[in-house]
Novice: 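This structure is in C-alpha cells; I'll ask about it shortly.
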There are 2 protein chains.
Amino acid sequence: MISSLRALGAVIAVLGFGALPAMADDPVEEATVASLEEWVSFLRMPNVTKQSTADIRANADWIEATFQRYGYEARQLEDGETPMVYAAWPDQLPGRKTILFYAHMDGQAVHPEEWDQESPWSPVLKTFEDGEWKPLPLERLLSGEAAPDDRLFARSAADDKAPILMLLAAMNALKAEGLEPAVNIKILLDSHEEGGPPTLGDVVKRNADLLAADAVIMLDGPMHISNRPTVVYGHRGGAGFELTVYGARTELHSGHYGNYSPNPAQLLASLLSTFKDDCGRVTVEGFYDGVVFDEETQAAFASVPDDEAAINKRIGIAEADCVGQTYQEAINYPSFNIAGLKAADVGASRRTIIPESATAAIGMRTVPATPPERLLALVRAHIEAQGYHLVDGEPTEEERMTYPRLASMSGGRGSKALQTPLSAPVGKWIVASLTETFGEAPVRIPLMGGSVPTSGLLSLGAPIMLLPLVNADNNQHAANENMRIGNYYTGVQSLHGLFLTPFEVGTETESN
Amino acid sequence: MISSLRALGAVIAVLGFGALPAMADDPVEEATVASLEEWVSFLRMPNVTKQSTADIRANADWIEATFQRYGYEARQLEDGETPMVYAAWPDQLPGRKTILFYAHMDGQAVHPEEWDQESPWSPVLKTFEDGEWKPLPLERLLSGEAAPDDRLFARSAADDKAPILMLLAAMNALKAEGLEPAVNIKILLDSHEEGGPPTLGDVVKRNADLLAADAVIMLDGPMHISNRPTVVYGHRGGAGFELTVYGARTELHSGHYGNYSPNPAQLLASLLSTFKDDCGRVTVEGFYDGVVFDEETQAAFASVPDDEAAINKRIGIAEADCVGQTYQEAINYPSFNIAGLKAADVGASRRTIIPESATAAIGMRTVPATPPERLLALVRAHIEAQGYHLVDGEPTEEERMTYPRLASMSGGRGSKALQTPLSAPVGKWIVASLTETFGEAPVRIPLMGGSVPTSGLLSLGAPIMLLPLVNADNNQHAANENMRIGNYYTGVQSLHGLFLTPFEVGTETESN
C-alpha cells in the first residue's frame, strides 16, 4: 500500500501547486470537490460563540448530522450551552495507533461593514486580477474549476472550518477507494476556541476514554508563507498584564503643575524603556535564562525557507529587532510586547493636562524554558528594582503620600507554551507521510510564535503536534478572511496521506 | 482722597476675609450686593461660543444693555458672528492715565450630567457642611447674607463672568459715592477666549484708537490658593505637538512577530525617556538656556506664601519633581509635558498585537527666555539625535524600507509667554493700591504656570498685568465650576481701590 500511496503522492505533488485539471479518476480529488458544497453551506452559518449559543449549537448540529450521513460516528459532547462534536472513523481497531485530530467550529466576531462582500456569512469566490480581488461565480468552485490561487472569502473559511471539511473529504476518499485507514481516526471539534469560557480541558477530562489517543494533531494556524506543507512542533505560551503608573490623584492643569507634579506618562515611558535595549532585546534579568537551541533545532531554523528581506518588505520595516539571527530564532525566544498604551487623550480630544495615570497593556510570549509564572515574577522584581512600589489597583491616600513611584500590575494569568521534541516519533511520522504525499520534505517549525489552546488537551497524555493546512495570508480574525483553494485541495491530500501512514511508536511531549 | 481710601481699605480688609455683616452705609458693599442679581441673571445665559454664536451674541447684547443702563459707554465691536463688547467710564480725561481692563464673557463647554445641580446655567448657592456642598436659597445671596465661604455654582461663575460684574459694581460704587476715578477706565470683554477662532488680535488692531491705554489689566485666572490679593506679572506660553513613532505598516500578530518587528510603543517609550531625568528635569540640550532668576525674582518666589507640603497633600503626591527649589521656581522654567499617550488599546479592547504606531501628545510651556520656536527646534534636533528620521505624517513605502526609526511631529504652533518686569511701574501701582485697600501687601507671582491670550493685546504697546480675582479652587473649565462669595466681594473692593489710585508713570513689558 505504501508504494501505491507513494505513486499517488507524486501525482498529487504536481497537482497541489499547479493547475487543478479535472481528473475524474482521482478519488481524493473527487471527494475534495464533492465536499466544497458542504464547506460553503457550513460557512453560511454564523459561528460567534460569544454572541449566540444558538448559532454555535446549530453549527454543532450540522457537523453531527453531516458526519453521520456519511456513516461516521458523530455525537455532541455537552458543554453547557455550546456542545463540542466528537466524530470518528467507524472502526477503531486495537492494532492501530489512535490519532485525535482537533479543529474548531467557532469563529471570531465580525464587523460586516469592513468586508468587501454582502456578508461574512455569504461566501464569495474571488480571483486576484489587476491588483484587486474580483468575484467569480460560486459554481466555478463547486464544479472543481477554481484555480489554486482563487480564494473563498467568508468568516472561518480558513480558521477553522476548512480543516473540518478536509477531514470529511479525506475520510470520504478512503471510503471511495475502499481502503481502511492505517490509524484510528478520532476528531474533536471545539466550540470555544475563539471566545467564551475555555471549556476544552473539562470536556477532555470528562471524555477521557472516548478521546484517548496516541497522538493529538491540531489542525489550526497558518502554513509557512511559502505554502509548502508545514509541520509545527509547538507554540509559545502567553502572559498578559496591564501596567499602570500613578501620578497625582486627579488630572492636573499642565500650566499650573507642569514641572512640579510628576507626570505618570513620562514615568511609564521611562519604566518601559528599561525593559528593552535599543535593539529590542529584553533587559530584564534572567528573562532568557534556560533558552538553548540544540543542534537539531538550529538545523531546523536554518532549513525553514524564510526570506527575512521579503518578510521585512511585506510588513514594511527597514530592520528587524535583533533578538535572534533569523525570524525563526526570534520567535523561539520569549517576548515582551507593548500591545497598547493609554494616558488621557491624544488628537482632537487632547487637553492641556497632566494625566492622572498611564497604562501599558503588556503581552508576553513564553517558551517552554521560560514559564509564565517565572517571567511575571521577573517583571515584578524588575519594576520594583526601578524604585516602584507595586499596589493592587488604585493607590490608597496613604500610599500616595508615602511612595514617590507607584504602579500596579493587573491581570497576569499565563498560558503554557508547548514543544514536542523535534526527535519525537509523532513528528517523524507526519514528516514521513507529508514527504511521501508531496515528494519533498515539509517545512519543520520548532515553535510557532502564536498560541493555541493545547493545555486543554494535555490531560490525554499524548504528544501534540500542529499540522496547519491553510494559507498564511488568510486574514485570520480580521475582515475578508479567506481560504486559498489550492490549500484546500492539498489539505485533503495531507490528511488522506496521514490516514494511510501507519504510526508505529510511542512519543513524548515537553511543555511548561 | 487717598487717606479716606486708606481708612476704607482698613474696614474692607476686615470684611473681606471674615463675616459680611450688613453695612448699609458702605457704598462699595451696597453696589456689590446690588450687582449679585445681575450676576445671577448673566450666569443663566449659555455662553459656549463654539456651540452657539446666537448664545454668545445674547451675552454681548446683555452686557451692552446693562452697562448702558447705568450710564456707561458700551458698544459691540463686530467680529463676524460673535461681537466683543467695549465699555468705559463716561468721561475719559486726558490728564488721567488710561487702563484697559480685559475679561471674557464666553465659557468652556459643559457635560451637564457631571454637575451636581439641575443645569450649569441654573446658578445654585451652596454651603459646605458635613463634608459636602449643600444648596441654600438663592435669596440668601441676593440679600447680601451669604457667608464668604459660600459659593455660587454655575458655568463661568468664576471664569470669567464674575470679574465683568465686579467691574460694573466697582464703577457703580464710585457713582454712588459721587467720585471720579483717578484713571480712565476702559473695558474689553472677549467672546473667543475659551474657543472659536482667536480673533482678539484682529479686534484690537481694528479698534486701536478706541482701546489705546497706558496699561492693560487682565482679570482672568485664579488668585493664590491662600485667597490673599494676588498680582501676576506674566504667564508661560505654550507649544504643543503630537509625536508619533511608526512600526510596521499595519498592526501585527504579537505571536507571529513579537521579537521580530520593532514595537513602536516600545520605541516611543524609549524616546520619551530620553527627554527627562529621573527627577523630571528636561535633558534636551539647551532647553533651559537663558532662564535666570534675578535677585528680585528670587525674593518674589520666596515671598509667595506657598506650602509645598500642603500642595503635595492636596494633589496627592509624595514628592514633587525637582525642577526648581519651590513650586514658584518650578513654574518659572519651561516645561515638557506628556498630555496623552495612545497606541492600539488597553483594557477590555486590548488585543494580542504589535501596534502600527504610537503617539504622545506633548504640551510644552515656555517662558520669555525660551521662545516656542526655539524649544520646538531643540526637540526636533533631540529626536533626530536619537536616530530618528522625521517624516511629515504617514511614512512613504520608501521611507519605511529605508529608515529603521521613523517619527513625525505634527502641530507645533506656539503661543508667546509674557512677563512684565517686577520693577515695572504698572506693577508698583497695583501693589500699592491693593496694599492700601487691604492693609497688607498682595502676593506677587512673577509668572503663572498657565497661559492667557495676551498676544492679541500686544499691539496696544502697553504693559500687561494680570489681576486674578477668583478663588483658585473654582473648578475652572470643569463640572461644578464655582465662585467663592468672599472673593466676589473682595474683587469689587480691589477694582474700586484701583479706580481711585492715580497711575503716574510709564512702564515696559517684556515678552517673547
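So that the names make sense, note that chain A is the first sequence line, chain B the second, and so on, each numbered from 1.
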Novice: Looking only at atom types and distance, does a side-chain atom of D321(A) sit under 3.5 Å from a main-chain N or O of V323(A), one as donor and one as acceptor?
Specialist: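 Pair absent, no side-chain N/O of D321(A) close to backbone of V323(A).
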Novice: Determine the option with the most heavy-atom pairs under 4.5 angstrom with chain A, choosing from M448(B), R314(B), M401(B), E319(B).
Specialist: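 Among M448(B), R314(B), M401(B), E319(B), the one with the most close pairs to chain A is M401(B).
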Novice: With a 4.5 angstrom heavy-atom cut-off, could you sort out which part of P334(A) is near chain B: side chain, backbone, both or neither?
Specialist: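 The answer is the backbone of P334(A).
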Novice: Using distance alone, with no hydrogens and no angle criterion, decide if E481(B) and N474(B) have a side-chain donor and acceptor under 3.5 Å apart.
Specialist: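 No, no side-chain donor-acceptor pair sits under 3.5 Å.
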Novice: Which residue out of T250(B), I362(B), T402(B) racks up the most heavy-atom pairs below 4.5 Å with chain A?
Specialist: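 Ranked by heavy-atom pairs under 4.5 Å with chain A, first place is I362(B).
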Novice: Counting distance only, does the side-chain N/O of K50(B) pair as donor-acceptor with the main-chain N or O of E194(B) below 3.5 Å?
Specialist: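 Answer holds: no.
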Novice: In terms of heavy-atom pairs under 4.5 Å, which option from K313(A), R351(A), Q476(A), E397(A) contacts chain B the most?
Specialist: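 Sorted descending by pairs with chain B, the first entry is K313(A).
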Novice: Could you look at E308(A) and say if it's the side chain, the backbone, both or neither that has a heavy atom under 4.5 Å from chain B?
Specialist: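 The answer is both parts of E308(A).
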Novice: Testing the 3.5 Å rule here: is there a donor-acceptor pair between the side chains of H253(B) and T352(B)?
Specialist: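 H253(B) vs T352(B): no donor-acceptor pair found between side chains.
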Novice: Can you tell which part of R236(B) gets under 4.5 Å to a heavy atom of chain A, answering side chain, backbone, both or neither?
Specialist: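 Side chain only.
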Novice: Most heavy-atom pairs under 4.5 angstrom with chain B, which of A265(A), G450(A), A339(A)?
Specialist: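 The residue among A265(A), G450(A), A339(A) with the greatest pair count is A339(A).
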Novice: Can you tell me which of G347(B), G240(B), P395(B) forms the most heavy-atom pairs within a distance under 4.5 Å of chain A?
Specialist: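 Maximum pair count with chain A is reached by G347(B).
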Novice: If we count only N and O atoms by modelled type, under 3.5 Å, do the side chains of N475(A) and N480(A) hold a donor and an acceptor together?
Specialist: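 Side chains of N475(A) and N480(A): no pair found under 3.5 Å.
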Novice: At a heavy-atom distance under 4.5 Å, which candidate from D345(A), I315(A), I311(A) has the highest pair count against chain B?
Specialist: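 Option with the top pair count is I315(A).
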Novice: Determine yes or no for a side-chain-to-main-chain donor-acceptor pair under 3.5 angstrom, with N259(B) supplying the side chain and I331(A) the backbone.
Specialist: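 Side chain of N259(B) to backbone of I331(A): no pair is present.
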Novice: Can you find a pair of side-chain heavy atoms, one from M364(A) and one from F287(A), that are under 4.5 Å apart?
Specialist: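 Sidechains of F287(A) and M364(A): in contact.
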Novice: So which of L271(B), I317(B), I354(B), N312(B) has the biggest tally of heavy-atom pairs under 4.5 Å with chain A?
Specialist: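 Top option by heavy-atom pairs under 4.5 Å: I317(B).
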Novice: Given a strict heavy-atom distance threshold of 4.5 Å, which part of E242(B) is in contact with chain A: side chain, backbone, both, or neither?
Specialist: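 For E242(B), heavy atoms of backbone and side chain both lie under 4.5 Å from chain A.
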Novice: Has the side chain of T359(B) got a donor or acceptor atom that lies under 3.5 Å from a matching backbone atom of V245(B)?
Specialist: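 Answer holds: no.
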Novice: Which one wins on heavy-atom pair count under 4.5 Å against chain B: R365(A), H235(A), E251(A), R281(A)?
Specialist: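 Option with the top pair count is R365(A).
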Novice: So which residue, A360(B), G258(B), A344(B), ends up with the most heavy-atom pairs under 4.5 Å with chain A?
Specialist: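 That would be G258(B).
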Novice: Can you tell if the side chain of Q419(A) reaches within under 4.5 Å of the side chain of V367(A), non-hydrogen atoms only?
Specialist: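 Side chain of Q419(A) against side chain of V367(A), heavy atoms only: no contact under 4.5 Å found.
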Novice: Among R400(B), Q266(B), K342(B), H477(B), which residue has the highest count of heavy-atom pairs closer than 4.5 Å to chain A?
Specialist: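 Of R400(B), Q266(B), K342(B), H477(B), Q266(B) has the most heavy-atom pairs under 4.5 Å with chain A.
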Novice: How about Y333(A) and F293(A): are their ring centroids closer than 6.0 Å?
Specialist: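 Between Y333(A) and F293(A), the centre distance is under 6.0 Å.
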Novice: Which residue out of S410(A), G340(A), G255(A), A320(A) racks up the most heavy-atom pairs below 4.5 Å with chain B?
Specialist: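 Maximum pair count with chain B is reached by G255(A).
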Novice: Sort Y260(A) into side chain, backbone, both or neither according to what part of it lies under 4.5 angstrom from a heavy atom of chain B.
Specialist: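 Looking at Y260(A), backbone and side chain both touch chain B.
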